[in-house]
Amino acid sequence: MSRSVPVVDGVVPGACPHDCPDSCAWRVTVQDGRAVKLSGNPDHPVTRGGLCAKVNHYLDRVYGPERLTQPLRRIGPKGEGRFEPIGWDEAIAEIAGRLGGIIERHGGEAILPFSYLGSLGMVQTQSLDRRFFARIGASRLERAVCGAAGWAGLLATIGTDTGMLPEDIVHSRFIIIWGANPIVTNLHHWPLVREAKARGATVVVIDPARTRTAAAADWHIQPIPGTDAALALGMMHVIVRDGLHDGEYVERHTLGFDALRERLAEYPPDRAAAITGIPAAEIERLARAYATTAPAAIRTLVGMEHRANGAGIYRAVACLPALIGAWKHLGGGLLHMTASLASSALDGAALTMPGLEHPGLRSFNMVQLGRALTDETLDPPVAALVVYGSNPAVTMPNQALVRRGLAREDLFTVVHEQVMTDTAKFADYVLPATTQLEHLDLISSWGQTCLALNLPAIAPVGEARSTTQLFRDLAAAMDMTEPWLHESDEALARAALASGHPYLEGITFERLREDGWAPLALPRPWLPFAEGGFPTPSGRTEFRSPALDAAGLDPLPGYVPAPTDAAWPLSLLTPKSEVHFLNSSYAGLSWHRKAAGEPRLDLHAEDAAPRGIVDGDMVRVLNDRGELRLRVRVEDRVRPGTAAMPFGWEADGEGPGPLANLLTADGLSDLGGGGDFSDTRVEVLPVRRM
Ligand SMILES: Nc1nc2c(c(=O)[nH]1)N[C@H]1C(S)=C(S)[C@@H](COP(=O)(O)OP(=O)(O)OC[C@H]3O[C@@H](n4cnc5c(=O)[nH]c(N)nc54)[C@H](O)[C@@H]3O)O[C@H]1N2
Ligand SMILES: Nc1nc2c(c(=O)[nH]1)N[C@H]1C(S)=C(S)[C@@H](COP(=O)(O)OP(=O)(O)OC[C@H]3O[C@@H](n4cnc5c(=O)[nH]c(N)nc54)[C@H](O)[C@@H]3O)O[C@H]1N2
Ligand SMILES: [Mo]
């Protein structure tokens, strides 16, 4: 296997690969070729020497008993998880033969790659794989499960996902954390919020659930799920009614204020209160505090986007900072992600080579994998699925359908994984993947402003091979000799860094190899929209969007009610509430599962009592997609009408266990192709006591 950096004993710089906004830098201590210690890099401004409950135990992934160390071939029925070990050469030859046969019979489009951000690394998960599948003319995958709808809503309003920088929140005096749970999901940003608090900032959390973050805030506002657009419009109504908006900023840097004002007439506090379940007086108080305390920041992540109106919600929220001129101040504006900084700096296209992909090829949205695998009208059918860096049998919605598809005897499935997952159990071939300690990668963050280079610290454990190596091997076995299918990991990383973009000034492969990480060279102070200059078509915050209008959509921010169904009276939230899991990663590792404790369904006493349910009961959670059983926690963690359970747990072998996505909806969001799984509705019933 090609290796660009010799592995020697000592301390090797690296970076956490997980799909998390923190993208920590770490150091691995190697003795006698074995990693003996992994700790946060103390010099890194975000990591500051500390990792998290999950990654402190990353060596469990590397050396634990659950680690996959050799290729496996299925011997039992699909999904049963019975395999026999085989050699790599044999596995690659057989897989290449099967894929070749499918291409011959049905064409390349019968093959569907399925990957997500199991590793955020650009080299391993977004390079040779994309080239390989473009080369064989495979179906395309719309990777829209995370970030897509929120991004689309922001794009239509402020033109980008990147507003204020995460580090500038220390300057904020009023912070609204809106539909995000950073103490769990963005842990390394929390000290900066605490610092702002110590300097006098008020922290408000808007979340239907009393999360760890909500419990640590000064003010927790608990809306009915899916109603945040009405809350934002109600706030804007109060702000404009009371003349608290920044008239000059609005005049110079926004589009469509008069039309917005007309729309706001429909959202007086009384109506916003009726929709959101938040008292009108509280909406008034929030609006006034937000508009009169500067700098004022709004912090979002993805918590509100997985809805039929997901993009619309982010669009409404993103109007607020321009209305009050918050963008003028360091520490003011909207903090969503930082993905576009890294993606404009790095040459991602040099890795993926998008020009290779035939634009006419059909595309499947990952959120609707179950539909793709079970649609009998498809021509050609999906005859092969190649999964890497994702665990769709846990993470995609409507699991009954996903699993029915994966169980098809005529579906040829290959899964490249580090540990045995629910998805891998359905595979014909399971191939052992390297962990972050064993391969080279370039990590660009979507939640902070540093880049990191991860060097291999140890030799691959067992027979593990990296994702890039897998695709080099497959290409070779299928007689594809194009040099761009066989580039080395180091050449790929160097290509991404060679954009010449000013944010990369002074950042070379050599410097990253030495230090492990480097901050993007961003202009400071970072006040991108203090003088307008939004990357929208008009250069303004578009209260009224001509592009949406031209597309036949509502050009103004609005509230669209989530679908309801009397048969399923409760709204079900399935957030990332486990500090011990990263999505489903670690759910298969026994130490982490034990540390996470028994997953619970949160229910409010007002919903529990009429159902004869008391705290600690086992309950049935059901809708027309499926039924789960788990233990209930009756506290005031969720508002009435709402149930919540953590997502990420795998099925328990005998039954679905706490597999949240068994119940979730697999429709799409209004814009961006995201899912609508947070609109899921359920009933909760007691399990009859014998
Ligand atoms: N420990 C840990 N960290 C993680 C992850 C993990 O699994 N574990 N996953 C990573 C990934 S991939 C991502 S995308 C990020 C996501 O980071 P977040 O967006 O912070 O995470 P979520 O849990 O999806 O959603 C946050 C909150 O949104 C709330 N919410 C749901 N619906 C609504 C609504 O209609 N209105 C409002 N106001 N709030 C609502 C939920 O109750 C939840 O508490 O976290 C990353 N970090
Ligand atoms: N109900 C519900 N569903 C959700 C969400 C929710 O909040 N609620 N969140 C959604 C969101 S925001 C996201 S981002 C998705 C996440 O969905 P997925 O991307 O499927 O997330 P993981 O479950 O962490 O799966 C990643 C897998 O990649 C593997 N992996 C890691 N590194 C490598 C590598 O280098 N090579 C290979 N081959 N494999 C590797 C890991 O072992 C792990 O099994 O889930 C979505 N689904
Ligand atoms: Mo995500």
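Counting starts at 1 for both ligands and their atoms, following the listed order. Counting begins at 1 with the first residue of the sequence. Since we're looking at a predicted model, the values are computed, not measured.
- Considering only non-hydrogen protein atoms, atom 7 (O) of ligand 1 sits nearest to Asn583 N, 2.6 Å.
- In the candidate list Pro392, Gly147, Gly389, Gly389 is nearest to atom 39 (N) of ligand 2, counting heavy atoms.
- Of all protein heavy atoms, the one closest to atom 42 (O) of ligand 1 is Asp207 OD1, 2.7 Å.
- Residue contacts with ligand 1, taken as heavy atom pairs separated by less than 4.0 Å, do not involve His18 at all.
- When only non-hydrogen protein atoms are considered, atom 24 (O) of ligand 2 lies nearest to Ser585 OG, 2.8 Å.
- With respect to Asp422 and Arg403, a salt bridge is recorded, a charged nitrogen being found less than 4.0 Å from a carboxylate O.
- When Tyr388, Phe647, Tyr116, Phe677 are checked for heavy-atom proximity to atom 45 (O) of ligand 2, Phe647 turns out nearest.
- Proximity of Gln436 to ligand 2 is not established, as no heavy-atom distance is less than 4.0 Å.
- Taking the six-membered ring for Trp and the full ring otherwise, Tyr429 and Phe83 have centroids separated by 6.0 Å or more.
- The shortest contact between atom 23 (O) of ligand 2 and any protein heavy atom is with Ser584 OG, 2.3 Å.
- Around atom 29 (C) of ligand 2, the closest heavy atom drawn from Met420, Gln124, Glu417, His416 belongs to Glu417.
- The option from Val415, Leu572, Thr395 that lies nearest to atom 47 (N) of ligand 2, judged by heavy atoms, is Thr395.
- Checked by distance only, ligand 1 and Pro223 stay at 3.5 Å or farther apart across all their nitrogen or oxygen atoms.
- Applying the side chain to side chain contact (heavy atoms under 4.5 Å, CB included) criterion to Ser340, with sequence neighbours excluded, gives Thr160, Asp161, Thr162, Ser343.
- Those atoms of ligand 1 that come under 4.0 Å of a heavy atom in Asp19, given as number and element, are 10 (C), 11 (C), 12 (S), 46 (C).
- Atoms of ligand 1 found under 4.0 Å from any heavy atom of Pro225 (numbered from 1 in listed order, with element): 35 (O).
- In the vicinity of Thr211, heavy-atom distances shorter than 4.0 Å reach the ligand 1 atoms 44 (O).
- With no hydrogens or angles considered, a side-chain donor-acceptor pair links Thr468 and Gln124 at under 3.5 Å.
- Judged purely by atom type and a 3.5 angstrom limit, His189 uses its side chain to pair as donor or acceptor with the backbone of Pro166.
- Scanning the protein for heavy atoms near atom 8 (N) of ligand 1, the closest one is Phe581 O, 2.8 Å.
- A salt bridge links Arg307 with Asp679: at least one charged nitrogen is closer than 4.0 Å to a carboxylate oxygen.
- You'll find the ring centres of His416 and Tyr388 outside the 6.0 Å limit.
- From the protein, the heavy atom lying nearest to atom 14 (S) of ligand 1 is Cys146 SG, 3.2 Å.
- At under 3.5 Å, a nitrogen or oxygen of Asn181, whether backbone or side chain, sits near a nitrogen or oxygen of ligand 1.
- Remark: Asp489 engages Arg472 in a salt bridge, criterion side-chain N to carboxylate O under 4.0 Å.
- For ligand 2, the polar-atom distance check finds an N/O of Leu582 within less than 3.5 Å of one of the ligand's N/O atoms.
- At a heavy-atom distance under 4.0 Å, atoms from both the backbone and the side chain of Thr574 approach ligand 2.
- The protein heavy atom nearest to atom 32 (N) of ligand 1 is Arg307 NH2, 3.0 Å.
- Of the protein's non-hydrogen atoms, the one nearest atom 3 (N) of ligand 2 is Asn661 ND2, 3.2 Å.
- When hydrogens are left out, the protein atom nearest atom 9 (N) of ligand 1 is Lys576 CD, 3.1 Å; that is the closest non-hydrogen contact.
- For the residue pair Gln418 and Arg67, no side-chain donor N or O sits within less than 3.5 Å of a side-chain acceptor on the partner.
- The shortest N or O to N or O distance between Asp228 and ligand 1 is below 3.5 Å.
- In this structure, His580 falls outside the shell of residues with a heavy atom less than 4.0 angstrom from ligand 1.
- Regarding atom 34 (C) of ligand 2, its nearest protein heavy-atom neighbour is Gln418 NE2, 3.8 Å.
- For ligand 1, the atoms sitting less than 4.0 Å from at least one non-hydrogen atom of Lys54 are 1 (N), 2 (C), numbered in the order shown with element in parentheses.
- For atom 15 (C) of ligand 2, the closest heavy atom belonging to the protein is Val145 CG1, 3.9 Å.
- Between the side chains of Asn661 and Asn398, no donor-acceptor pair is found at a separation under 3.5 Å.
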Query raised in the report: Between Asp19 and Trp446, does a side-chain hydrogen bond (donor to acceptor under 3.5 Å, both in side chains) hold up when you go through it step by step?
Result: CA-CA 9 Å; Asp19 185 6; Trp446 54 268; 2.8 Å; yes

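- With hydrogens left out, the protein atom closest to atom 25 (O) of ligand 2 is Asn391 N, 3.6 Å, a heavy atom.
- For atom 31 (C) of ligand 1, the closest heavy atom belonging to the protein is Gly303 O, 3.2 Å.
- Under 4.0 Å from ligand 1, heavy atoms of Pro575 appear from its side chain as well as its backbone.
- Heavy atoms of Leu573 found under 4.0 angstrom from ligand 1 belong exclusively to the side chain.
- Of the residues His18, His592, Arg61, His57, the one that meets the side-chain hydrogen bond (donor to acceptor under 3.5 Å, both in side chains) test with Tyr586 is His18.
- Near Val302, meaning under 4.0 Å from any of its heavy atoms, are these atoms of ligand 1: 14 (S), 16 (C), 19 (O), 24 (O).
- Taking the six-membered ring where the residue is Trp, the centroids of Tyr314 and His336 are separated by under 6.0 Å.
- Two rings, from Phe133 and Phe114, have their centers 6.0 Å or more apart.
- For atom 35 (O) of ligand 1, the closest heavy atom belonging to the protein is Gly226 N, 2.7 Å.
- Checking only distances, His439 never comes within under 3.5 Å of ligand 2, N or O to N or O.
- Residue Thr421 places a heavy atom under 4.0 Å from ligand 2.
- With a 4.0 Å heavy-atom cut-off, ligand 1 is reached by the side chain of Pro21 but not by its N, CA, C or O.
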